[in-house]
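Heads up: the structure comes next, in structure tokens.
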Amino acid sequence: MAANRSSTADRRARIEQMRRAEQARERRNRVITISVSALVVAGLVGFGGYVLNKENKEQEQRQAAAKAPITDEKSWDAKKLGRNHVTKPVTYPMKPPVGGDHDQVWLNCDRNVYKKPVPERNAVHSLEHGAVWVTYNDKAPAGEVRKLEEKVGKTSYSFMSPVKEQAGAIMLSAWGKQVTVDGADDPRVDAFFTKYVQGPQTPEPGAACTNGLDAQ
């Protein structure tokens with residue numbers, strides 16, 4: 001009888017020991033879970049703050065670029081540039097043109113890269129809608145042209161085509177604005193895009209850049 005009582009007591013002691021060990025494990029797991037959760041939350045908050053600060057800084061840089069003058073940029077009085085829809089040929093005073101009377105159908109300008117010359121009258125209509133037109137002639141290095149094609153391919157309200165007769169190897173045009181750049185990495189390229197893609201010079205902001213003329 002005494003042996004049975006001793007055995008029962010031993011089992012109870014072992015059970016109690018196992019219970020206490022299990023409770024200790026549960027407490028450790030809770031502490032670990034809470035600690036990991038706190039670290040995850042802190043990391044997310046920190047990352048979110050980093051992303052927000054980065055976006056704010058990039059936005060400030062874009063705003064600064066939009067306000068800063070662009071070196072050697074040429075401008076024409078927008079009020080003196082015609083905006084009539086015509087069907088007859090138009091002789092523009094600059095090459096490529098930056099505004100004036102134009103065809104009633106715009107050239108598709110939603111990241112369109114044209115390998116051949118495009119109709120000027122349709123391209124001018126695209127500028128009226130706030131597009132930036134990237135042009136190049138035979139003097140432009142092929143590598144620079146490819147880089148610009150990649151940029152245009154990622155930017156709505158922009159298009160690109162060759163213009164053999166233009167004075168500069170690489171030129172950017174918007175309504176009433178134009179600049180000749182040294183290459184794709186010229187900082188004026190990003191500045192021009194930032195400033196004039198749907199910029200304040202746009203006579204018809206928000207107008208369509210698709211469902212127009214596809215010069216391909």
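The model shown is predicted, which means the values in this text are computed figures rather than measured ones. Positions are given from 1 along the sequence.
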- [ ] Go through the steps to decide whether His102 and Glu128 satisfy the test side chain to side chain donor-acceptor pair (under 3.5 Å), and finish with yes or no.
- [x] CA-CA 9 Å; His102 50 268; Glu128 186 182 41; 2.9 Å; yes
Task: Pair Asp77 + Lys79, salt bridge at N-O below 4.0 Å - done: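 Answer for the salt bridge query: no.
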Would you indicate whether the side-chain heavy atoms of [Y] and [X] approach each other to under 4.5 Å?
| X | Y | answer |
| --- | --- | --- |
| Met171 | Val163 | no |
| Arg83 | Glu204 | yes |
| Arg121 | Leu107 | no |

TODO: Check for a donor-acceptor pair, side chain of Lys151 on one end and backbone N or O of Val189 on the other, with a separation under 3.5 Å.
DONE: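 The answer is no, because no donor-acceptor pair under 3.5 Å joins these two groups.
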Open item on the list: Using only atom types and a distance under 3.5 Å, with no angle test, would you say the side chain of Gln201 pairs donor to acceptor with the backbone of Gly176?
Closed with: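 No: the side chain of Gln201 does not pair with the backbone of Gly176.
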Task: Shortest non-hydrogen contact from Gln166 toward Asn137 - done: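 Closest approach of Gln166 to Asn137, heavy atoms only: O-ND2, 3.2 Å.
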TODO: Heavy atoms only: give me the nearest Ser161-Val118 pair and the separation to one decimal.
DONE: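 Heavy atoms only, the tightest pair is OG-CG2, 3.7 Å.
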- [ ] Hey, could you give me each pair passing side-chain hydrogen bond (donor to acceptor under 3.5 Å, both in side chains) that has a residue in residues 138-147? Not counting sequence neighbours.
- [x]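 Found Lys147-Asp185.
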- [ ] State whether a side-chain donor-acceptor pair under 3.5 Å links Asn108 with Thr210.
- [x]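 Not at all, the side chains of Asn108 and Thr210 share no donor-acceptor pair under 3.5 Å.
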Task: Donor-acceptor side-chain pairing of Glu149 and Tyr136 below 3.5 angstrom - done: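 Looking only at side-chain atoms, Tyr136 and Glu149 do not form any donor-acceptor pair under 3.5 Å.
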- [ ] Go through the structure and list residues passing salt bridge (Lys or Arg N to Asp or Glu O under 4.0 Å) with Lys88, not counting sequence neighbours.
- [x]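 With sequence neighbours excluded, Lys88 shows a salt bridge (Lys or Arg N to Asp or Glu O under 4.0 Å) to no residue whatsoever.
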- [ ] Kindly write out the residues that satisfy salt bridge (Lys or Arg N to Asp or Glu O under 4.0 Å) with Arg111, not counting sequence neighbours, or none if the list is empty.
- [x]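 Arg111: no salt bridge (Lys or Arg N to Asp or Glu O under 4.0 Å) contacts found.
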TODO: Using the disulfide (SG to SG under 2.5 Å) rule, collect all pairs that involve residues 73-107, keeping only residues at least two apart or in two chains.
DONE: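 Every pair satisfying disulfide (SG to SG under 2.5 Å) with a residue in residues 73-107: there are none.
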Task: Atom pair CG (Leu127) and CD (Gln178), whose distance is rounded to the nearest 0.5 Å - done: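 The CD atom of Gln178 is 9.5 Å from CG of Leu127, to the nearest 0.5 Å.
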Open item on the list: Surrounding CG of Asp72 (heavy atoms of other residues, nucleotides or ligands, distance under 6.0 Å), is the total greater than 12?
Closed with: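 No, because the 6.0 Å sphere around CG of Asp72 holds 12 heavy atoms or fewer from other groups.
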Could you pull out every donor-acceptor pair under 3.5 Å between side chains of residues 90-100 and any protein atom, sequence neighbours left out?
| from | atom 1 | to | atom 2 | distance (Å) |
| --- | --- | --- | --- | --- |
| Tyr92 | OH | Asp101 | O | 2.5 |
| Lys95 | NZ | Glu120 | OE2 | 2.7 |

- [ ] Please collect all ring-ring contact (aromatic ring centres under 6.0 Å, His included) contacts where either partner lies in residues 149-179, sequence neighbours excluded, each pair once.
- [x]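 Non-adjacent pairs meeting ring-ring contact (aromatic ring centres under 6.0 Å, His included): Trp133-Phe159.
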